[in-house]
Amino acid sequence: MTIDGPSGSGKGTISRAAARALNWRLLDSGALYRLVALAGRRAQVSLEDGRALAQLAEQFDIRFGSDESGGEIIWMGGQEVTGDIRTEEAGNDASKVAALPLVRAALLDRQRRFAVPPGLVADGRDMGTVVFPAAEVKIFLTASLSERAARRHKQLKEKGVTANLAALSLEIAERDQRDINRAASPLVAGADAVLLDTTGMPVDAVVRRVLEVARGRLRGRL
Ligand code: DC
């Protein structure tokens, strides 16, 4: 199952919950782009140098895991980097490196290797359109810009980070533009994806709806 959509549409939360409910594997492809950007910064590589970043992306040693309460833990080169890749700055860096075709190509096989039985929930921008075009269930999540900014604001506040709502909204809008307008795998809802506008919807209602769509498509096999 692929779940695509813009920043703050709730993809991360919904994908995690759906994967848990189905007992399927989870691919957080955004984390891969965040890791490439972090690896680039640490190696003092320019975030515009597609060739060098692609080389890092092909070689880096990363691992995804979770703690006892199901929270994510991510390691790069044996070092925990969960907090480092979840900052707004890391998100912006990720959006820049994600526009580079060489970086996207370097991550393609790595992403496809996540697909193992009994199933995968793949969360990103181009999961249904480019990485897993044959996926049987494709969802495109959206929400209004103001709701997405408010969600991100709340998330940051819970982490003890102070953020300005207006500035966040502007940042998300800029990231949307970069993700939508890039030539390589732009953010777009595939014609075969089920569009789900989550504005005003509580998380559990969205998860229920996503599972309903999946059960409908995979009739008898879930
Ligand atoms: O979902 P996220 O915020 O962790 O993603 C970070 C950036 O990575 C986002 O601005 C766009 C990019 N991205 C992408 O281009 N393709 C994906 N499949 C996932 C993320």
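Order of listing sets the numbers, starting from 1, for every ligand and every atom in it. Everything quoted here is computed from the prediction, not taken from an experiment. FYI, side chains are in, hydrogens and waters are out, and symmetry mates aren't considered; it's all heavy atoms of this structure.
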for atom 19 (C) of ligand 1, nearest protein heavy atom and its distance come out as Ser29 OG, 3.4 Å
Do any nitrogen or oxygen atoms of Tyr33 lie less than 3.5 angstrom from nitrogen or oxygen atoms of ligand 1?
no
Donor-acceptor pair, Arg148 side chain versus Ala143 backbone, under 3.5 Å?
yes
So the atoms of ligand 1 within less than 4.0 Å of a heavy atom of Asp179 turn out to be 9 (C), 10 (O), 11 (C)
Atoms of ligand 1 under 4.0 Å from any heavy atom of Arg175, numbered from 1 in the order shown, are 3 (O), 10 (O)
Atom 20 (C) of ligand 1 has as its nearest protein heavy atom Gly30 CA, 3.5 Å
Notebook entry, point to check: Applying a strict 4.0 Å limit to heavy atoms, is Lys11 in contact with ligand 1?
Noted result: yes
Exercise for review: May I ask you to check whether Arg104 and Gln111 show a side-chain donor-acceptor distance below 3.5 Å?
Suggested key: no
When Ser7, Ser185, Ser29 are each screened for side-chain hydrogen bond (donor to acceptor under 3.5 Å, both in side chains) with Arg125, the one that passes is Ser7
For Arg104, state whether at least one heavy atom is located under 4.0 Å from any atom of ligand 1.
yes
The atoms of ligand 1 lying under 4.0 Å from a heavy atom of Met127, numbered in the order shown, are 18 (N)
Closest to atom 9 (C) of ligand 1 among protein heavy atoms sits Arg125 NH2, 3.3 Å
Checklist entry - So, Asp179 and Ser95: side-chain donor and acceptor under 3.5 Å apart, yes or no? => result yes
Under 4.0 Å between heavy atoms, the region of Arg182 that gets near ligand 1 turns out to be side chain
| query | Below 3.5 angstrom, do we get any N/O pair linking Arg34 and ligand 1? | reply | yes
field: Short side-chain donor-acceptor distance under 3.5 Å, Arg41 and Ser46
entry: no
Report task. Kindly indicate whether the side chain of Ile139, heavy atoms from C-beta on, has any atom under 4.5 Å from the side chain of Ile14. Result -> no
Value for NZ (Lys138) from CG (Leu195), rounded to nearest 0.5 Å, stands at 13.5 Å
for atom 12 (C) of ligand 1, nearest protein heavy atom and its distance come out as Ala98 CB, 3.6 Å
Here the gap from Leu38 atom CG to Asp93 atom CG, rounded to the nearest 0.5 Å, amounts to 8.5 Å
The closest protein heavy-atom partner of atom 7 (C) of ligand 1 is Ala94 CB, 3.7 Å
**Report entry** Sub-3.5 Å N/O-N/O distance, Gln111 and ligand 1
**Finding:** no
Problem - Backbone of Met1 reached by a side-chain donor or acceptor of Arg217 within 3.5 Å - result: no
Output for pair (Ser66 OG, Leu26 CG), nearest 0.5 Å, gives 10.0 Å
Ligand 1 to Gly124, heavy atom cutoff 4.0 Å, flagged ligand atoms 18 (N), 19 (C)
